[in-house]
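Just so it is clear, the structure is predicted and the values come from calculations on it, not from any experiment.
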Amino acid sequence: MGLSDELMKTEQVQDFKYIMQDTGNLYFGKELTYQEIYNNDEVPFKFKAVINTYIQKDTDLGVKMVDHIASITKEDFCYLVYEQLKLQVRVYYGVPKKNLFGKEKTKWIHTTCKWKDFVENYQDKVRNGDVMIEDVSVSKFALMVFSV
């Protein structure tokens, strides 16, 4: 791998390190670690408190958020935390589709699912590499009423 390839890969990773918010949700890019989220000034203090109080007990802060949510089981306390925060996961996956001439192409499906649906239907597929996570969001209202 040459220097330009390394640079391009680094830029691609940086493209997925974002924190955005709208009136109802707080969005986290798939390449962000909990430490990067915790250190970001745009993240509400209450979410930082959730990371400090609950998430840090379950995993290392150097772990990517998406890697952690892909490994959470229903028995983990973090499962309940994310359920209370109304976590949603946006995933994408390829489906083979034949065109008019019979040539097979990949059609990409993008969908957003609630936390419970993600764990039941997509989590194993993410672990196997059949489905990819685009980003994750938490409800600002759920965060507001969440007790730390």
Side-chain angles (χ1 to χ4, degrees), residues 1 3-97 105-148:
M1 190 181 276
L3 183 59
S4 64
D5 293 336
E6 270 303 312
L7 208 62
M8 191 187 281
K9 186 176 180 180
T10 303
E11 287 175 6
Q12 289 172 347
V13 168
Q14 291 299 325
D15 286 345
F16 296 103
K17 285 189 174 190
Y18 60 84
I19 297 170
M20 296 187 312
Q21 49 185 315
D22 59 19
T23 55
N25 294 303
L26 188 60
Y27 301 91
F28 302 100
K30 69 179 183 177
E31 293 293 330
L32 284 171
T33 65
Y34 282 114
Q35 190 67 55
E36 290 169 327
I37 294 169
Y38 190 81
N39 292 338
N40 194 300
D41 294 335
E42 295 178 22
V43 176
F45 176 79
K46 197 155 189 186
F47 191 73
K48 291 179 181 185
V50 169
I51 291 172
N52 193 40
T53 307
Y54 301 112
I55 306 297
Q56 192 170 10
K57 291 179 182 178
D58 193 42
T59 189
D60 179 47
L61 294 184
V63 172
K64 291 179 190 174
M65 185 179 189
V66 295
D67 291 342
H68 180 235
I69 65 170
S71 67
I72 294 175
T73 64
K74 288 185 177 182
E75 292 77 33
D76 293 334
F77 189 72
C78 283
Y79 177 87
L80 298 173
V81 170
Y82 282 135
E83 189 174 51
Q84 292 295 310
L85 291 175
K86 307 285 188 225
L87 184 85
Q88 290 192 350
V89 183
R90 192 164 51 169
V91 296
Y92 67 99
Y93 54 94
V95 177
K97 184 176 179 174
K105 293 181 80 175
T106 302
K107 178 181 177 185
W108 292 98
I109 308 293
H110 298 260
T111 186
T112 302
C113 51
K114 295 180 179 180
W115 174 237
K116 188 175 181 181
D117 295 334
F118 171 77
V119 172
E120 290 174 0
N121 301 318
Y122 293 103
Q123 194 177 44
D124 288 336
K125 294 175 184 176
V126 167
R127 288 185 203 141
N128 295 337
D130 299 330
V131 173
M132 308 292 217
I133 297 176
E134 273 189 84
D135 65 16
V136 178
S137 65
V138 295
S139 164
K140 281 183 167 180
F141 181 72
L143 184 62
M144 182 179 72
V145 297
F146 189 84
S147 244
V148 180

Interatomic distance, CE@Met132 vs OH@Tyr122, rounded to 0.5 Å, equals 15.0 Å
In Ile133, Ile37, Leu32, the residue satisfying side chain to side chain contact (heavy atoms under 4.5 Å, CB included) with Met65 is Ile37
*asked:* Is there a side-chain contact between Lys97 and Trp108 in this structure, where contact means two heavy atoms from C-beta onward sitting under 4.5 Å apart?
replied: no
Open item on the list: I'd like to check Tyr82 versus Ile55 (side-chain heavy atoms, cut-off strictly below 4.5 Å). Are they in contact?
Closed with: yes
Point to revise | Stepwise side-chain contact (heavy atoms from CB on, under 4.5 Å) check, Thr111 with Val91 | key: CA-CA 6 Å; Thr111 186; Val91 296; 3.6 Å; yes
* To do: Take Ile72 and Trp115 through the test side-chain contact (heavy atoms from CB on, under 4.5 Å) and record every step on the way to the result.
  => CA-CA 11 Å; Ile72 294 175; Trp115 174 237; 4.0 Å; yes
Regarding Lys64 and Glu31, does a basic nitrogen lie under 4.0 Å from an acidic carboxylate oxygen?
yes
Of all heavy-atom pairs linking Ser147 and Tyr54, the shortest is O-OH, 3.7 Å
Smallest heavy-atom separation, Phe118 atom then Ile69 atom, equals CE2-O, 3.8 Å
Query raised in the report: Would a 4.5 Å heavy-atom cut-off, applied to side chains only, mark Val66 and Phe28 as touching?
Result: no
Rounded to the nearest 0.5 angstrom, the CE-NZ distance for Met144 and Lys46 is 8.0 Å
Between Leu26 and Gln21, the two heavy atoms sitting closest are CD1-CB, 3.8 Å
request  = Give a yes or no on whether a salt bridge exists between Lys114 and Glu120, defined as a side-chain N under 4.0 angstrom from a carboxylate O.
outcome  = no
Within 6.0 angstrom of Lys86 NZ, more than 12 heavy atoms from elsewhere:
no
Interatomic distance, NE2@His68 vs OG1@Thr59, rounded to 0.5 Å, equals 4.5 Å
Assess the residue pair Phe77 and Asp58 against the criterion (side-chain contact (heavy atoms from CB on, under 4.5 Å)); give the C-alpha distance rounded to whole Å, side-chain angles, the decisive distance to 0.1 Å, and a yes or no. CA-CA 8 Å; Phe77 189 72; Asp58 193 42; over 6 Å; no
In terms of heavy-atom contacts, Thr112 and Gln88 come closest through CG2-OE1, 3.4 Å
- Task: Taking Arg90 for its side chain and His110 for its backbone only, find out whether a donor-acceptor pair lies under 3.5 Å.
- Result: no
Taking the side chain as every heavy atom from C-beta outward, state whether Lys125 and Tyr93 have any atom pair closer than 4.5 Å. no
Between Lys57 and Thr53, the two heavy atoms sitting closest are CE-O, 3.2 Å
(Q) Between Asn25 and Ser139, is the side-chain contact (heavy atoms from CB on, under 4.5 Å) condition met? List the steps. (A) CA-CA 5 Å; Asn25 294 303; Ser139 164; 4.2 Å; yes
Between the CG atom in Leu85 and the CD atom in Glu83, the distance rounded to the nearest 0.5 Å is 10.5 Å
Worksheet item: Is the backbone of Lys48 close enough, under 3.5 Å, to the side chain of Asn52 for a donor and an acceptor to pair up by distance?
Response: no
Output for pair (Gln84 CD, Leu143 CG), nearest 0.5 Å, gives 12.0 Å
Distance col, row Lys17:NZ vs Asn40:CG, nearest 0.5 angstrom, shows 11.5 Å
Closest non-hydrogen contact found for Glu134 with Tyr18 is O-OH, 4.1 Å
